[in-house]
Number of protein chains: 2
Amino acid sequence: MPVVSYAGPEQRPIATVDIVLVTLNEDGLRLCLQRREYDPHAGELALIGGYVRPEEDADIEASARRILASKARLDGLYLEQVRSFGGPDRDPRGWSIAIVYLALVPDERLAAAEAAGAPRFERIDPDHCPPLPFDHGRLIAAALVRLRSKASYSTLPAFLLGEQFTLPELKAVYERAMGTPLNDSAFRRKLMEMQILEEIDAKASATAERKRPAQLYRLASRALTEFDRTV
Amino acid sequence: MPVVSYAGPEQRPIATVDIVLVTLNEDGLRLCLQRREYDPHAGELALIGGYVRPEEDADIEASARRILASKARLDGLYLEQVRSFGGPDRDPRGWSIAIVYLALVPDERLAAAEAAGAPRFERIDPDHCPPLPFDHGRLIAAALVRLRSKASYSTLPAFLLGEQFTLPELKAVYERAMGTPLNDSAFRRKLMEMQILEEIDAKASATAERKRPAQLYRLASRALTEFDRTV
DNA sequence: TTAATAGTGTCTCTCAGACATTATCAC
DNA sequence: GTGATAATGTCTGAGAGACACTATTAA
């Protein structure tokens with residue numbers, strides 16, 4: 001059998017990974033955007049991203065983790081591939097493919113990375129995001145659709161919190177991620193029945209804002225868990 | 001601002017689109033695989049696929065539709081991107097990215113294309129699929145997970161049928177796609193309440209097998225519709 | 001004790017599954 | 001009519017939402 005001539009290197013599209021990094025602060029969900037260091041669009045606010053590097057990346061997720069490490073000094077985050085976009089006009093450098101990842105980072109971890117010298121991010125309200133370079137707007141839209149829908153049937157929102165959290169905190173994150181209020185007793189009932197949480201032998205401290213201290217929990221599994229029903 | 005040196009063409013990964021083409025015949029869901037014409041793995045059964053061609057494709061879905069047209073003489077199918085896989089070892093030609101698409105084709109359309117001279121497909125039971133070249137096994141697994149889960153909350157299974165179908169036929173497709181039996185009256189109730197179907201002024205003909213003829217329906221929208229609940 | 005949040009118990013209403021019943025065809 | 005499939009009607013049980021009620025802390 002003949003080996004057919006195939007697309008040589010000069011005919012290959014550019015391949016990049018772009019990361020929709022999301023955090024949660026007291027105001028709600030926030031996109032983490034950086035000003036671009038280099039052209040095209042140097043100085044403009046955009047997603048962090050970079051080239052897939054065949055010489056060093058073991059797979060696409062490795063590219064994403066390398067980019068998170070180099071541009072945000074973050075590792076071990078929740079990370080999920082969303083989808084890929086391609087076309088001749090989305091990048092002035094030529095026909096390109098962007099593989100989009102959704103990454104979730106607890107507020108404190110992001111602040112700690114910045115305090116330790118990582119490049120700074122601007123936290124942008126996804127509902128009031130200015131126009132972005134390239135087609136980053138639609139990349140973000142795709143990632144947020146994934147976030148919102150998967151929030152309702154998985155432990156995904158918990159990855160916006162630190163390792164320990166209270167039930168009222170967890171409920172608030174679910175509401176923020178899903179964009180809809182939840183019933184309190186039903187939320188407790190379902191999470192307890194699903195045995196997703198482990199009780200920690202400690203309670204959150206009471207403050208002026210927090211009267212009765214709440215029980216602390218952690219995820220029973222450190223990996224994402226999907227439910228057969230909705231929270 | 002400087003333009004940073006970027007990954008030149010010689011450092012770009014290979015980019016291909018691979019299509020998990022699924023049909024439904026009297027035996028159930030079937031993968032449509034072809035024997036490869038060229039090396040690597042010439043003569044072996046595999047997914048249809050091809051290179052992303054920057055010089056002619058407007059986006060990645062266009063690559064997928066071009067491949068479906070050229071390798072199966074099929075157009076207008078239900079087509080959905082699943083995800084992308086990448087790595088140094090999945091293709092002997094080098095570090096490559098495969099963008100996986102799920103495509104659904106009604107049995108009669110596929111048979112008609114083959115009768116009209118299109119390359120022939122083998123229909124493979126996904127539950128008894130032999131080992132495949134490259135990493136096509138995991139590409140198929142990812143596509144089938146998508147098919148099975150999306151079946152329960154969308155009109156996706158209907159794209160395995162022709163334009164007109166009866167409710168018992170539709171229920172059977174949902175059961176095949178989801179892999180679980182459904183309650184008959186609940187299925188009718190929900191589909192009717194969701195107003196997804198349009199009644200056609202005709203009934204299926206009765207046969208030795210089909211006693212009372214069933215009402216014919218078509219999808220109210222030719223596009224995929226997602227539900228807020230499960231069928 | 002009061003105020004504020006955390007957590008529990010219970011009622012009701014909705015909806016899905018089960019299944020009996022009716023309808024419509026070929027023979 | 002008989003037999004088979006199509007379609008409808010009704011009962012029941014599980015679970016979600018609503019909300020009243022109890023618990024625990026700071027001040």
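Naming convention: chains lettered A, B, ... in sequence-line order (proteins, then strands); numbering from 1 in each chain. Side-chain atoms are counted along with the backbone in the values below, which use heavy atoms only and exclude waters and symmetry mates. Here the structure is a predicted model, which is why all the values come from computation and not from measurement.
- Of the two residues contacting DNA chain D, namely A/Lys203 and B/Met192, the nearest-nucleotide position lying further toward the 5' end is that of B/Met192.
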Under the side-chain hydrogen bond (donor to acceptor under 3.5 Å, both in side chains) criterion, do A/Arg30 and A/Thr23 qualify, and how do the steps go? CA-CA 5 Å; A/Arg30 289 296 180 265; A/Thr23 192; over 6 Å; no
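- Straight-line distance from the NZ atom of B/Lys171 to the P atom of D/dT8: 14 Å, rounded to whole Å.
- One can place CG of A/Leu216 at 13 Å from P of D/dT25, the figure rounded to the nearest angstrom.
- Salt bridge present: B/Arg65 and B/Glu61 bring a charged side-chain N and a carboxylate O closer than 4.0 Å.
- Note: CG (B/Leu167) to P (D/dT8) measures 8 Å, nearest angstrom.
- The stretch residues 176-190 of chain A touches DNA chain D through A/Asn183, A/Ser185, A/Ala186, A/Arg189, A/Lys190, each having a heavy atom within less than 4.0 Å of the strand.
- Here C/dA23 presents its P atom at 17 Å from CD of B/Gln215, a figure rounded to the nearest Å.
- Look at CD on A/Glu193: it is 11 Å from C1' on D/dA16, rounded to the nearest Å.
- Atom CZ of B/Arg229 and atom P of D/dA14 are 21 Å apart (whole Å).
- Taking 4.0 Å as the cut-off between side-chain N and carboxylate O, A/Arg218 and A/Glu198 count as a salt-bridged pair.
- The pair B/Glu114-B/Arg123 meets the salt-bridge criterion, with a side-chain N (NZ, NE, NH1 or NH2) lying under 4.0 Å from an Asp/Glu carboxylate O.
- Distance, A/Lys211 NZ to C/dG7 P: 16 Å, rounded to whole Å.
- Nearest nucleotide to the side chain of A/Ala214, out of D/dT5, C/dA6, D/dT24: C/dA6.
- A straight line from CG of A/Leu170 to P of C/dG7 spans 12 Å, rounded to a whole angstrom.
- A donor-acceptor pair under 3.5 Å is formed between the side chain of A/Gln215 and the backbone N or O of A/Ala202.
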Please set out all donor-acceptor pairs under 3.5 angstrom arising from side-chain atoms of residues 72-79 of chain B, sequence neighbours excluded.
unit_1	atom_1	unit_2	atom_2	d
B/Arg73	NH1	B/Ala116	O	3.2
B/Tyr78	OH	B/Glu80	OE1	2.2

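- Here the straight-line distance linking atom CG of A/Leu47 with atom NE2 of A/His136 works out to 4.5 Å at 0.5 Å rounding.
- Between B/Phe165 and B/Tyr217, the ring center distance fails the sub-6.0 Å criterion.
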Give me the distances for all protein-to-nucleotides 20-23 of chain D N/O pairs that come in under 3.5 Å?
unit_1	atom_1	unit_2	atom_2	d
D/dA23	N3	A/Arg212	NH1	2.6

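- Look at A/Arg35 and A/Glu122 and you find a salt bridge, because one of the NZ, NE, NH1 or NH2 atoms lies within 4.0 Å of a carboxylate O, short of that distance.
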